[in-house]
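Structure provided below as structure tokens; questions to follow.
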Amino acid sequence: MSTLAIDKAGPSRKVRYGSMSRDRTWALRWSYFFLVLFAIFFLTPPIYMLITSLKGSAEISAATNPWWVFHPTLSNYVELLTSNQFLRFFWNSSIISITVVIVTMLISVPAAFALARMKFWGSATLATGVFLTYLIPDSLLFIPLFKMLAVIQEFTGITLLNRWYVLVFIYPTLTVPFCTWIMIGYFASIPKELDEAAIIDGASWLQTLLRIFIPVALPGLIAATIFAFTVSWAQFLYPLVFTTSVDQLVLPVGITTTLIKGDVFNWGQIMTGALLGAAPPLIIYAFLMDYYIAGLTAGATKG
Amino acid sequence: MADVVVEQGRLARVASPHRKGANLRNVLGRKSTVAFFLTLPLILLIFLLVLYPAFYSLYLATLNKAMTKFVGLGNFTFLFKRETFWMVVKQSCIFAVTAVIFKALIGFIVAHFVHNIPGKKQRKWRGMLLVPWVIPPAMSTLAWLWLFDPSYSAFNYTLSFFGVGPIPWLGNTFWARFSIILVNVWYGAPFFLIMYLAALKSVPDQLYEAAAIDGANWWQRIWFITLPMMRNIIAITTLFSLIVTFANFDIVRILTSGGPLDTTHLFATWAFQVGIQSSDIPLGACVSLFMVPILAVAAIFILRDVSKRGNEA
């Protein structure tokens, strides 16, 4: 009985192997087909940005095929990159994002170290609290923060509203919780023997952090840095609420408010500006994709 | 020299009550002090710039427009009587639920396709498909706004070859809602894709082999192996995306600013219009507070799943 079953299974297994590999090649072909479709869907807007940015205003308003550039020109780029206003936006965005990254790291790395390694009273609650803070969106806090800044400004006489530097204090509310959270995950994955050895050798807590934890968790640190940078570079709501003068604006707000004059849309310049504004995160992503993805997935898989 | 004296003085003070175990106690004392100082900036940030504003907004919501008088729940009852408010509630829910469902579906499907592709090419495809998530949403929404332009829409140009009449992408309520969801799905689906891809890779191959030997078809493999193995990731990603989508601001603000006739407003954009543009801060605070219950429910479930995941690992 059993031998019979095996005999039967023999040939049929062979057939199945053949059909499986044939299935697989077909699955692969279908996969490529659908991936191309989805890639078209996902890449249309950025490519259309590029196409439009290479057109002059005459070609944009002409009724020609919008998907093709007939008279490519760099005039939009030249115009924007020589306009003081646009460079000012770029400068504001850069200085804010870089400062926010530094502030975020200075706050979240030590805190993550303490939360991951030093069990103290309330450390578990604080770690959970950090995660919950990460879930509080900007659209819940912008009104009370606006009012808070107005009140502080009234009391102290320090101008806070309509100044770009106030964003340096506000953005960490978006970046610090997540960075702390993923750094806790990375630090917790470092074997305990490593820091115990350091402590036995007489290293202080600070030395343990600087000499052991930061070098070992460097990939996590890079992922957190990229996250902090992209979040502060892309932030739109806070600068829209807190800054209004043209010289205080950051890139996303600057492009949406100044390049649209009344009902006249200068689409060539808007697309060029948007593309230039999207460039820094895209360049970072192109070179550090793996860290970027590690940071993205760490939020839910670590900790 | 002075350092040593200070150190000894401190040691002596700490050690004086109980001589036994003084050393250990000293270490513990030092550890918690260090820990306190390391976490102090974080605690200050959370309390001053997140928790305080959150409660401050509760207080603001009870004031009148000039913020001179306490009106209790007056703002809330006022909102309940306004038709626009109920429209915003409805639109926010439609928007968030539909967008999250489509993001999750597209992410799941595309993740499978990418997963099918062998090794090195997979990286390239993954890199390409994640681009929408990398571009700052305010920038990419501008590109969509241009694609939806009433007179020069590149979509309408393409559709005209198929005999489909010009579509008022942002002009009427249905299409404006559709466009906003489309842009949000475009922006958010890559996030799901990456999460699901990571989850797919963590499912052991033996399970599929065993299922293939048992004669399971592809549907059974997905239903009985893939989905149960990815359950936790799907739950966390969906809930997380629900929060982010529900609180979305950029896309609606840039595409329609709430129009036509306030039919595409979400809580965030309406709160902005009421609170900042019409400078009725209490009413704006009140509107944005309505996001809290939904966010809280999602947050509780996320926390449960994340801690469950922590225990498994």
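This one's a predicted model, so the numbers in the text were calculated from it and none came from an experiment. Chain identifiers are assigned alphabetically (A, B, ...) following the order of the sequence lines, protein sequences preceding nucleic acid strands; residue numbering begins at 1 within each chain.
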Looking only at B:Phe267, B:Tyr56, B:Tyr157, most heavy-atom pairs under 4.5 Å shared with chain A are made by B:Tyr157
Bottom line for A:Leu237: the part with an atom under 4.5 Å from chain B's heavy atoms is both
With the side chain counted from C-beta on, respond yes when B:Ser241 and B:Ile243 share a heavy-atom pair under 4.5 Å apart, and no when they do not.
no
Contact list (residues 282-289 of chain A to chain B, heavy-atom gap under 4.5 Å, by number) returns A:Leu282, A:Tyr285, A:Met289
If you tally heavy-atom pairs under 4.5 Å between each of B:Leu289, B:Leu60, B:Leu129 and chain A, the highest tally belongs to B:Leu129
Item to complete: Tell me yes or no: between the side chains of B:Trp146 and A:Thr52, is some donor less than 3.5 Å from an acceptor?
Response: yes
Per-residue tally against chain B (heavy atom, under 4.5 Å) across A:Ile143, A:Val176, A:Leu206 peaks at A:Ile143
So, the part of A:Leu132 with a heavy atom under 4.5 Å from chain B: the answer is side chain
Scored by heavy-atom pairs under 4.5 Å with chain B, the best of A:Pro45, A:Ala234, A:Ser139 is A:Pro45
Comparing B:Leu145, B:Leu266, B:Leu51 against chain A, the one with the most heavy-atom pairs below 4.5 Å turns out to be B:Leu145
Open item on the list: Does B:Tyr59 have more than 12 heavy atoms from other residues, nucleotides or ligands lying within 6.0 Å of its OH?
Closed with: no
Exercise for the section: May I ask you to decide if the ring planes of B:Trp186 and B:Trp144 are parallel, tilted or perpendicular, using 30° and 60° as cut-offs? Expected result: perpendicular
Cut-off 4.5 Å, heavy atoms of chain B, and the answer for A:Met271 is side chain
Looking only at B:Ser288, B:Pro53, B:Ala138, most heavy-atom pairs under 4.5 Å shared with chain A are made by B:Pro53
Honestly, the part of B:Ile117 sitting under 4.5 Å from a heavy atom of chain A is both
Answer key: most heavy-atom pairs under 4.5 Å with chain B among A:Phe146, A:Phe142, A:Phe113, A:Trp233 is A:Phe142
### Task
Examine the side chains of A:Thr175 and A:Thr104 and answer whether a donor and an acceptor come within less than 3.5 Å of each other.
yes
Problem - B:Arg126 with A:Asp290: basic N within carboxylate O range, under 4.0 Å - result: yes
From the list B:Leu295, B:Leu147, B:Ile281, the residue making the most non-hydrogen contacts under 4.5 Å with chain A is B:Leu147
Comparing A:Ile136, A:Thr230, A:Leu43 against chain B, the one with the most heavy-atom pairs below 4.5 Å turns out to be A:Leu43
Honestly, the part of A:Val103 sitting under 4.5 Å from a heavy atom of chain B is neither
So, the part of A:Leu251 with a heavy atom under 4.5 Å from chain B: the answer is both
Counting heavy-atom pairs under 4.5 Å with chain A, the top scorer among B:His112, B:Lys121, B:Arg123 is B:Arg123
Under a 3.5 Å cutoff, is there a donor and acceptor pairing between the side chains of B:Thr158 and A:Trp67? yes
Whatever's closer than 4.5 Å to a heavy atom in chain A on B:Leu48 counts as backbone
